[in-house]
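A short write-up of the structure that comes next.
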Amino acid sequence: MTGEPRPAALTDLAGRSAIVTGAGSGIGRGIAQMFAAAGAAVVCADISAPAAEETAGLVRGSGGVAKAATVDVSSRAQVADLVASAVAEHGRLDVICNNAGIIIDVPVLDLDEAELDRVLAVNLKGVLFGCQEAGRAMAAAGGGSIINMASGAVDAAAPGLAAYGISKAGIVQLTKTLAVELGHDGVRVNAIAPGLIETSMTRRHYARPDGSVDEDRRAAVLQPMRKTSPLGLIGAPEDIAWAALYLASDAARFVTGQILRPNGGTSMPW
Ligand SMILES: NC(=O)c1ccc[n+]([C@@H]2O[C@H](COP(=O)([O-])OP(=O)(O)OC[C@H]3O[C@@H](n4cnc5c(N)ncnc54)[C@H](O)[C@@H]3O)[C@@H](O)[C@H]2O)c1
């Protein structure tokens with residue numbers, strides 16, 4: 001410790017600018033709200049314009065600074081525009097959380113090329129584009145924090161999740177490689193590999209066709225998952241948002257190339 005510990009100051013993002021992709025729902029919304037609560041001006045980017053607007057409205061309603069952006073992260077041009085407009089508005093980009101992602105449940109032998117391409121385009125290329133555009137801007141400005149959303153799927157194989165798992169494993173290697181390449185420019189690059197978090201992504205297992213939650217089915221799905229955690233917990237978006245705040249902030253100035261696993265202890269890699 002090089003002086004008095006000042007936890008609140010170290011996690012303060014006042015004066016910083018941040019982009020969160022997939023901010024219209026679930027984990028991304030939680031992260032956008034957390035970054036804004038810590039003082040950052042946040043661009044809430046999502047492929048769904050109403051969802052992005054809703055998150056930005058929630059942030060502003062709590063006294064934060066946010067604007068919405070409609071972006072498909074699988075488009076390099078749209079991601080380039082997203083980063084360029086954040087830099088133009090704030091003079092710099094301090095944090096990007098490449099969080100947008102999709103999932104499909106298809107066994108390997110049934111996986112067709114178009115389905116695989118779609119998952120890789122959003123989950124892997126979308127993250128790559130965010131890393132490239134933000135990485136260039138941050139390196140030119142002398143620093144920044146890139147946070148990529150991986151998944152617990154990188155630690156365990158689950159039937160039907162090959163396309164998703166491949167995309168998330170790719171994010172891990174991309175994160176570590178970029179951390180090595182950009183460290184000398186002051187840019188930290190880390191990933192988060194969440195365990196099960198209740199969001200619209202997980203609700204697909206227990207939603208009725210009309211979108212409402214089947215509570216019996218929900219209990220049947222979540223109970224065995226809960227048992228895989230030594231804490232007996234299923235996560236919430238804010239559990240991941242706290243991890244993202246840490247990685248975004250100066251408290252993590254010595255942390256790069258790491259895969260942080262907020263997962264209730266469901267996996268403990270060496
Ligand atoms: N929920 C979990 O249990 C869990 C676990 C591990 C990792 N993750 C990862 O966390 C991230 C967020 O997941 P979530 O659970 O909040 O899901 P979610 O479905 O609630 O939210 C995903 C958001 O991404 C947006 N999105 C989808 N495609 C996009 C695109 N092409 N461009 C821009 N935005 C797009 C959606 O509109 C949505 O708002 C994903 O990368 C997911 O793989 C989730």
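First listed ligand is number 1; within each ligand, the first listed atom is number 1. Keep in mind that what you see is a predicted model, and the values were worked out from it rather than measured.
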Option with minimal heavy-atom separation from [atom], where the choices are [options]:
atom	options	value
atom 11 (C) of ligand 1	I171, N99, I27, L82	N99
atom 7 (C) of ligand 1	G152, A51, A150	A150
atom 39 (O) of ligand 1	D46, V71, I31	D46
atom 22 (C) of ligand 1	G26, G235, G101	G101

Donor-acceptor under 3.5 Å ([X] side chain, [Y] main chain):
X	Y	value
R261	S267	no
S17	R92	yes
R203	V213	no
N190	V255	yes
D214	A207	no
T256	V189	yes
D46	S48	yes

Report yes or no: does [X] have a heavy atom closer than 4.0 Å to ligand 1?
X	answer
K168	yes
G195	yes
T21	no

Any N/O pair [X]/ligand 1 closer than 3.5 Å:
X	value
D72	yes
S74	no
I102	no
M149	no

Starting from [atom], which protein heavy atom do you reach first, and at what distance in Å?
atom	result
atom 3 (O) of ligand 1	I197 N, 2.8 Å
atom 26 (N) of ligand 1	I47 CG2, 3.9 Å
atom 43 (O) of ligand 1	Y164 OH, 2.5 Å
atom 24 (O) of ligand 1	G22 CA, 3.4 Å

Check your understanding: side-chain contact (heavy atoms from CB on, under 4.5 Å) between V73 and I47: does it pass, once the steps are laid out?
Key -> CA-CA 8 Å; V73 297; I47 196 168; over 6 Å; no
Point to revise | Per-residue contact class, T202 against ligand 1 - non-hydrogen pairs under 4.0 Å | key: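 It is the side chain that touches ligand 1; the backbone stays farther off.
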Review point. Just wondering, more than 12 heavy atoms not from R253 lying within 6.0 Å of its CZ?
Key: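 12 or below, so no.
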**Study point:** CD (E113) with more than 12 external heavy atoms under 6.0 Å
**Key:**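 At most 12 heavy atoms, drawn from other residues, nucleotides or ligands, come within 6.0 Å of this atom.
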**Study point:** Residue from I102, L161, L120 passing side chain to side chain contact (heavy atoms under 4.5 Å, CB included) with S167
**Key:**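 By the side chain to side chain contact (heavy atoms under 4.5 Å, CB included) criterion, S167 pairs with just one of I102, L161, L120: L120.
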**Study point:** Proximal atoms of ligand 1 relative to S200 (non-hydrogen, under 4.0 Å)
**Key:**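 With S200 as reference, the close atoms of ligand 1 come out as 18 (P), 19 (O), 20 (O).
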